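Structure record follows, encoded as structure tokens.
Start at 1 with the first residue, then count along the sequence. Given the structure is predicted, the values throughout are model-derived calculations rather than measurements.
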Amino acid sequence: MDNAGHGFAPEVRHALAALMARIGQQASDDPRSVVRAAELFEGTRRGDELHRLLLDLVPADIDPGQWHDWLDGGAAVHVPPRLVDPDQGRKPGARGAHASAARRREEAARALALLEDKVAHARALLADAEVAEQAAASHLRQVVAHRVLTDISRQLAGAFSMGPAWTVMRAVSGYIRDDHALGEGMDEQARAHVQSLLDTASKDSTEMLDLLDLHAGDTLLELRLRAAVLSVLRKHHEPVKQELSERNYDHRKLSPAARRVHRKTAERKAAIRPSPGIVSDRHDVLGGFPLRHQDDKEEQTLDVFQAAAAAEEEPF
């Protein structure tokens, strides 16, 4: 600072020192700050600042030496450059344009904040809706599965009841239990026919299984089988029905078939009758189903109505 003011009058050095001090005091401020620039926009305040600055620069006493140099043909006083007003021809002015731009920016910022709040709220609603949709879809699947399984169980409950199904399984199996009392009350012709059925049990089982598999899902076959099975069952149950109707008049002991008790539907679905000879030979019954081979013989056509009619004509 001492070197910068060397050769100047004490007043000038004092003014320069004050100016440098002020510049140093404001060095931490951003000189490009629009707030700082806006403070100098008003003419009165700007003039006051410049007036104080000039007073600090202009010495209090006249320097005769500078006047002599100028009058004797020395260096002329420096002419300040011509400055062009940037605000000339612009509407609105710089101050108004800045205020308007700042106001529009604040309005845009508020609008953006409102939209961001709405977007955040909408995203939260969407997340809740997606969770609710997933829960509803899961519930729908559970309900559909429950109803489908319920319908299937209702439709198939009768067909797959353990007790009745086991009776059909025993009839289709190639294994026939050895019943010593089977031929009692039959004549020779009936016993011979029963023996022929026993001899061909394995072969007949193979043919039945093959034809049942071949015509699976055939509605006409199912109706014919239902009619044939029901006809045989009714014919087989007729003597028992007759015996039960005459038990109040006939004091003879009821036969084992007539002493059978009708079980409830739930018992028929859950288990096989706990009678001797029905479950004890289950391994033989299940083992009586022949294994299918790749070299099966060609299928043969069988009319079930004819078979049922032929069975009804037999003496047993």
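With sequence neighbours left out, the salt bridge (Lys or Arg N to Asp or Glu O under 4.0 Å) criterion links Glu133 to no other residue.
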Do any side-chain atoms of residues 113-129 form donor-acceptor pairs under 3.5 angstrom with protein atoms, and if so which ones, sequence neighbours left out?
none

Which donor-acceptor pairs under 3.5 Å do side chains of residues 138-147 form with protein atoms, sequence neighbours excluded?
{"residue": "Ser138", "atom": "OG", "partner": "Gln142", "partner atom": "NE2", "Å": "3.4"}

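Gln242 and Glu238 are not linked by any side-chain donor-acceptor pair at a separation below 3.5 angstrom, with hydrogens and angles left out of the test.
The minimum heavy-atom distance linking Gly174 with Ala201 is given by the pair O-CB, 3.5 Å. The two atoms that bring Leu221 and His215 nearest to each other are CD2-CB, 3.2 Å, heavy atoms only.
With a 4.5 Å cut-off between side-chain heavy atoms of Ile, Leu, Val, Met, Phe, Trp and Tyr, the cluster of Val229 takes in Leu233. Hydrophobic clustering, defined by side-chain heavy atoms of Ile, Leu, Val, Met, Phe, Trp and Tyr closer than 4.5 Å, leaves Val131 isolated from every other such residue.
Partner of Ile176 under the side-chain contact (heavy atoms from CB on, under 4.5 Å) criterion, out of Val194, Asp199, Leu198: Leu198 alone.
Applying the side chain to side chain donor-acceptor pair (under 3.5 Å) test to residues at least two apart or on different chains, the pairs with a partner in residues 103-114 are Ser100-Arg103.
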### Task
Go through the steps for Arg259 and Lys253 under the test side chain to side chain contact (heavy atoms under 4.5 Å, CB included), then give the verdict.
CA-CA 10 Å; Arg259 291 197 299 269; Lys253 187 177 180 180; 3.9 Å; yes
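Counting only distance, with no hydrogens or angles, the side chain of Ser196 and the backbone of His193 share a donor-acceptor pair below 3.5 Å.
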